[in-house]
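These notes are about the structure you will find just below.
Because the structure is predicted, anything quoted here is derived from the model rather than measured.
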Amino acid sequence: MKAEYIYKLFASEKAEPLSCKVRFSKRKSLGIEITSEGDIIVRAPGYISKHTVEAFIEEKKAWILKNWEKVLAVREASRYAPLTPIEERKAAALKKRFLNAAKIYFPRRCEELVRLTGGHYEKITIRDQKTRWGSCSQTGTLSFNYRLMMAPPEVIDYVIVHELCHLTHMNHSQAFWNKVSGILPDYAERKHWLKMHGHELNEAHYLLSLM
């Protein structure tokens with residue numbers, strides 16, 4: 001039986017690769033398991049070549065990334081106990097502070113970055129959304145999630161540039177991404193950070209991280 005080995009699956013050119021543990025056995029088909037600890041285990045029949053196994057992993061990359069990130073999100077959420085009444089009040093005060101800060105920060109930063117992206121926007125709104133970080137409407141309204149105020153400045157800039165570039169490309173075409181990369185060559189790294197840590201951008205996590 002072939003020995004177990006690690007296959008490095010690259011999510012992007014700049015992100016750290018994921019370690020996939022390949023295990024051979026007498027099973028008859030290929031399968032992938034993502035454990036509750038976040039380990040990625042690929043099970044393969046002993047007669048299949050490494051090349052075939054690795055092609056299978058690459059084919060399933062999108063599924064692996066999606067479900068691995070879900071497991072990490074569940075693990076992260078389970079680390080924290082419910083907030084006490086006092087902590088709830090502190091979290092509410094934090095939300096108000098972040099909302100007010102966002103209403104000042106985003107208009108100012110958009111005014112600075114639009115000089116690089118070009119285009120024209122009509123207004124900026126600050127919203128409280130669970131899954132969306134920003135948007136750009138056909139009428140030129142930019143919307144941003146106030147929770148971004150808890151993210152690193154370079155990640156906030158990525159979201160702003162992303163939406164500003166939609167002022168000239170209302171799609172995710174190659175021309176759009178070329179425009180983004182022309183302004184932020186490392187945008188993929190910033191985008192990946194948001195995918196990996198976006199679930200942490202909430203008052204409860206921020207409050208408990210200070211303890």
Next item on the list: Among E54, K50, E58, find the residue that satisfies the side chain to side chain donor-acceptor pair (under 3.5 Å) test when tested with Y7.
Entry: E58

Next item on the list: Mind listing the closest non-hydrogen atom pair of S181 and N178 along with its distance?
Entry: OG-O, 3.0 Å

Notebook entry, point to check: Any donor-acceptor pair under 3.5 Å linking the side chain of R43 with the backbone of G31?
Noted result: no

Checklist line | Shortest non-hydrogen contact between G119 and V114, atoms and distance | finding: O-CG2, 3.7 Å

Check: Does E88 reach the main-chain N or O of P85 with its side chain, forming a donor-acceptor pair under 3.5 Å?
Finding: no

Checklist line | I183 and C165, any side-chain heavy atoms less than 4.5 Å apart | finding: yes

Checklist line | Rounded distance (nearest 0.5 Å) linking atom CD of E33 with atom CD1 of I40 | finding: 11.0 Å

Notebook entry, point to check: Going through the distances and angles, do L167 and H120 end up as a side-chain contact (heavy atoms from CB on, under 4.5 Å)?
Noted result: CA-CA 7 Å; L167 293 170; H120 173 75; 5.9 Å; no

N/O donor-acceptor pairs under 3.5 Å from side chains in residues 92-103, not counting sequence neighbours:
unit_1	atom_1	unit_2	atom_2	d
K95	NZ	D128	OD2	2.7
N100	ND2	K96	O	3.3

Notebook entry, point to check: Between L194 and L148, is any pair of side-chain heavy atoms under 4.5 Å apart?
Noted result: yes

Check: Hey, are the side chains of F10 and L18 touching, using non-hydrogen atoms and a 4.5 Å cut-off?
Finding: no

Next item on the list: Report the C-alpha separation of H197 and E200 in whole Å, then their side-chain angles, then the decisive distance to 0.1 Å, and conclude whether the side-chain hydrogen bond (donor to acceptor under 3.5 Å, both in side chains) test is met.
Entry: CA-CA 5 Å; H197 300 281; E200 299 172 3; 3.3 Å; yes

Note to self: Under a 4.0 Å threshold between the charged nitrogen and the carboxylate oxygen, would E203 count as salt-bridged to R147?
What the structure shows: yes

Check: Quick one: are W133 and L201 in side-chain contact, heavy atoms under 4.5 Å?
Finding: yes

Next item on the list: Look at the side-chain heavy atoms of Ile, Leu, Val, Met, Phe, Trp and Tyr, link any pair under 4.5 Å apart, and say whether W68 and I41 land in one connected group.
Entry: no

Margin query: When you group the ILVMFWY residues by side-chain heavy-atom contacts below 4.5 Å and let the links chain together, are M170 and V161 in the same group?
Written below: no

Item checked: T125 vs L142, side-chain contact (heavy atoms from CB on, under 4.5 Å): CA-CA, chis, key distance, verdict -> CA-CA 6 Å; T125 63; L142 302 177; over 6 Å; no

Notebook entry, point to check: Looking at I34 and I64, what are the two nearest heavy atoms and their distance?
Noted result: CD1-O, 3.7 Å

Next item on the list: Please check if the distance between the ring centroids of W177 and Y187 is under 6.0 Å.
Entry: yes

Check: If you round to the nearest 0.5 Å, how far is CD1 of I156 from CE of M150?
Finding: 10.0 Å

Check: Are there more than 12 heavy atoms of other residues, nucleotides or ligands under 6.0 Å from atom CZ of R127?
Finding: no

Item checked: Derivation and outcome, side-chain contact (heavy atoms from CB on, under 4.5 Å), residues I48 and F56 -> CA-CA 11 Å; I48 288 183; F56 172 75; over 6 Å; no

Check: In Å and rounded to the nearest 0.5 Å, what is the NZ to CG distance from K179 to L116?
Finding: 9.5 Å

Next item on the list: Inspect the contact between R23 and E4 and indicate whether a charged nitrogen and a carboxylate oxygen are less than 4.0 angstrom apart.
Entry: yes

Item checked: K2 side chain to S25 backbone, donor-acceptor under 3.5 Å -> no

Next item on the list: Measure the acute angle between the ring planes of H166 and H172, then classify it against the limits of 30° and 60° as parallel, tilted or perpendicular.
Entry: perpendicular

Check: What's the spacing between H169 NE2 and C136 SG if we round to 0.5 Å?
Finding: 12.0 Å

Next item on the list: Would you please classify the geometry between the H162 ring and the F176 ring as parallel, tilted or perpendicular, with 30° and 60° separating the classes?
Entry: perpendicular

Note to self: Using only atom types and a distance under 3.5 Å, with no angle test, would you say the side chain of K21 pairs donor to acceptor with the backbone of D39?
What the structure shows: no

Notebook entry, point to check: Can you find a pair of side-chain heavy atoms, one from Y121 and one from I124, that are under 4.5 Å apart?
Noted result: yes

Checklist line | Exercise: identify the closest heavy-atom pair between W193 and P152 | finding: CH2-CD, 3.4 Å

Notebook entry, point to check: Closest heavy-atom contact between S19 and K8?
Noted result: OG-NZ, 2.8 Å

Check: Does atom CD of Q138 have more than 12 heavy-atom neighbours from other groups under 6.0 Å away?
Finding: no

Note to self: Please determine whether a side-chain nitrogen of the Lys or Arg among R109 and E112 lies less than 4.0 Å from a carboxylate oxygen of the Asp or Glu.
What the structure shows: yes

Next item on the list: May I ask you to test the F144-Y105 pair for a side-chain heavy-atom distance under 4.5 Å?
Entry: no

Note to self: Could you check whether any side-chain heavy atom of V159 comes within less than 4.5 Å of a side-chain heavy atom of D157, counting everything from C-beta outward?
What the structure shows: no

Next item on the list: With rounding to the nearest 0.5 Å, note down the distance linking CD1 in I126 to CZ in F106.
Entry: 5.5 Å

Check: Would a 4.5 Å heavy-atom cut-off, applied to side chains only, mark N145 and R132 as touching?
Finding: no

Item checked: Positive for side-chain contact (heavy atoms from CB on, under 4.5 Å) with V22, one of I57, I6, L30 -> I57

